[in-house]
Amino acid sequence: MSSSCSATGVRVAVCLLLAACAGEAGSGADAKGAGDSAHPLMGAPAPKFESSSVNGKGKVSISGLNGKVVIVDFWATWCEPCRKSFPKLQELNVKYKASGMQLVGVSEDDDKSGIAEFGSSLSADFPLVWDADKGIAGKWSPGSMPSTFIVDRSGVVRFVHRGYHDGEEVEIEKELKTLL
């Protein structure tokens with residue numbers, strides 16, 4: 001880790017996330033799916049959050065999405081695996097939105113400049129929110145970038161994917177189908 005990573009709060013968290021992302025760039029070594037029962041949210045109610053999107057998709061509230069299958073994806077503009085996963089998530093969004101699935105992207109960037117542009121450049125047509133104070137991540141504990149949580153219609157976290165590896169969207173799609 002570089003000396004620019006100071007020993008204070010948010011910067012430490014971002015440095016750890018950067019290190020986690022860099023450690024899996026392309027390898028997906030930390031990628032987990034249905035078998036990731038070690039994550040503390042597996043089988044638990046999804047933590048609540050409410051935030052305005054930065055890409056013109058309105059306000060997003062987890063409690064307002066009850067009755068839908070929700071994918072909450074934690075990501076950052078500096079994360080190369082995130083750049084690979086976004087188009088795959090957008091494909092799932094197009095395919096399953098009409099069936100009751102809602103995708104929400106939660107950016108862990110230090111500032112919001114560039115978030116909307118990142119999403120637009122990858123054709124993301126789902127709400128992108130900025131976790132300005134890292135409060136959302138604090139409740140969800142993503143651990144690495146990207147991290148994808150799949151929440152059932154009753155608001156319970158059923159699947160967790162930490163990291164990204166090529167082809168993972170096939171597993172996510174299978175999981176979605178079990179919940180739709």
Side-chain angles (χ1 to χ4, degrees), residues 17 21 31-33 36 39-42 44-79 81-112 114-164 168-169 171-173 175-180:
L17 291 173
C21 185
K32 305 283 186 199
D36 191 10
H39 194 283
L41 287 181
M42 286 291 291
K48 305 291 185 226
F49 72 83
E50 184 173 327
S51 186
S52 294
S53 71
V54 297
N55 62 337
K57 302 294 180 186
K59 190 168 266 195
V60 178
S61 164
I62 279 293
S63 59
L65 296 173
N66 268 352
K68 293 187 178 221
V69 174
V70 182
I71 294 177
V72 179
D73 185 62
F74 288 85
W75 61 282
T77 58
W78 44 259
C79 173
C82 301
R83 184 170 297 282
K84 290 180 181 179
S85 70
F86 250 59
K88 306 300 184 179
L89 290 172
Q90 175 57 25
E91 289 173 19
L92 293 173
N93 184 52
V94 168
K95 192 170 183 178
Y96 293 103
K97 189 173 183 173
S99 299
M101 190 270 296
Q102 176 66 55
L103 177 57
V104 178
V106 180
S107 169
E108 292 304 308
D109 285 283
D110 283 339
D111 63 66
K112 67 180 178 178
I115 294 171
E117 293 81 7
F118 179 91
S120 178
S121 73
L122 295 171
S123 303
D125 187 29
F126 49 89
L128 302 177
V129 301
W130 178 44
D131 190 9
D133 63 1
K134 309 301 184 245
I136 300 171
K139 294 176 187 175
W140 287 73
S141 301
S144 62
M145 296 291 118
S147 283
T148 306
F149 296 79
I150 305 175
V151 180
D152 71 14
R153 293 181 186 271
S154 64
V156 175
V157 176
R158 295 296 176 193
F159 302 100
V160 178
H161 294 262
R162 292 186 280 190
Y164 175 79
E168 187 168 17
E169 68 279 2
E171 184 177 346
I172 292 172
E173 184 171 14
E175 294 163 353
L176 278 174
K177 286 180 178 180
T178 69
L179 301 175
L180 289 172

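What you are looking at is a predicted structure, and each value in this text was computed from that prediction instead of being measured.
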Inset, instruction - Mind listing the closest non-hydrogen atom pair of Met145 and Ala76 along with its distance? - result: SD-N, 4.2 Å

Legend entry - Partner residues of Glu169 under the side chain to side chain donor-acceptor pair (under 3.5 Å) criterion, sequence neighbours left out: Tyr164

Inset, instruction - Could you tell me whether a side-chain N or O of Ser53 sits under 3.5 Å from a main-chain N or O of Gly58, the two making a donor and an acceptor? - result: yes

Inset, instruction - Give, for atom CZ of Arg158 and atom CD1 of Ile150, the distance between the pair rounded to the nearest 0.5 Å. - result: 12.0 Å

Inset, instruction - For Leu122 and Pro87, work out which heavy atoms get closest and say how close. - result: CD2-CG, 4.3 Å

Legend entry - Listed partners of Thr77 passing side chain to side chain donor-acceptor pair (under 3.5 Å), at least two apart: Asp109

Legend entry - Side chains of Glu175 and His161, donor plus acceptor under 3.5 Å: yes

Inset, instruction - Take the angle between the ring planes of Trp140 and Phe49 and call it parallel below 30°, perpendicular above 60°, tilted in between. - result: perpendicular

Inset, instruction - Could you list the residues that satisfy side chain to side chain donor-acceptor pair (under 3.5 Å) with Ser141, not counting sequence neighbours? - result: none

Legend entry - Main-chain N/O of Leu128 paired with Asn55 side-chain donor or acceptor, under 3.5 Å: yes

Legend entry - salt bridge (charged side-chain N to carboxylate O under 4.0 Å, His left out) pairs, two or more places apart, involving residues 44-65: Glu50-Lys59, Lys57-Asp125

Legend entry - Under the side-chain contact (heavy atoms from CB on, under 4.5 Å) test, residues paired with Val94 that sit two or more places apart: Gln90

Inset, instruction - Name all pairs fulfilling the salt bridge (charged side-chain N to carboxylate O under 4.0 Å, His left out) condition that reach into residues 137-150, sequence neighbours left out, sorted by first residue then second. - result: none

Legend entry - Residue pair Phe126, Val104: steps toward the side-chain contact (heavy atoms from CB on, under 4.5 Å) verdict: CA-CA 6 Å; Phe126 49 89; Val104 178; over 6 Å; no

Inset, instruction - Could you tell me which residues satisfy ring pair (Phe, Tyr, Trp, His ring centres under 6.0 Å) with Tyr96, sequence neighbours excluded, listed by chain and number? - result: none

Legend entry - Test log, rule side-chain contact (heavy atoms from CB on, under 4.5 Å), inputs Val69 and Asp152: CA-CA 5 Å; Val69 174; Asp152 71 14; 5.6 Å; no

Legend entry - Closest non-hydrogen atom pair between Met101 and Leu103, with its separation: SD-N, 3.8 Å

Inset, instruction - Any salt bridge (charged side-chain N to carboxylate O under 4.0 Å, His left out) involving residues 85-95? Give me the pairs, sequence neighbours left out, ordered by first then second residue. - result: Lys95-Glu173

Legend entry - Pairs touching residues 60-76 that satisfy salt bridge (charged side-chain N to carboxylate O under 4.0 Å, His left out), sequence neighbours left out: none

Legend entry - Which residues share a side chain to side chain donor-acceptor pair (under 3.5 Å) with Ser61, sequence neighbours left out: Ser63

Inset, instruction - Could you give me the CA-CA distance, side-chain angles and deciding distance for Val60 and Ser51, then say whether side-chain contact (heavy atoms from CB on, under 4.5 Å) is met? - result: CA-CA 5 Å; Val60 178; Ser51 186; 5.6 Å; no

Legend entry - Partner set under side-chain contact (heavy atoms from CB on, under 4.5 Å) for Ala137, not counting sequence neighbours: Phe74, Glu108, Asp131, Pro142

Legend entry - Nearest heavy-atom neighbours spanning Trp75 and Gly105: NE1-C, 3.3 Å

Inset, instruction - Give the intermediate values and the outcome of side-chain contact (heavy atoms from CB on, under 4.5 Å) for residues Val72 and Gln102. - result: CA-CA 9 Å; Val72 179; Gln102 176 66 55; over 6 Å; no

Legend entry - Smallest separation among heavy atoms of Arg153 and Ser99, with atom names: NH2-O, 3.0 Å

Legend entry - All side-chain contact (heavy atoms from CB on, under 4.5 Å) counterparts of Ser123, not counting sequence neighbours: none

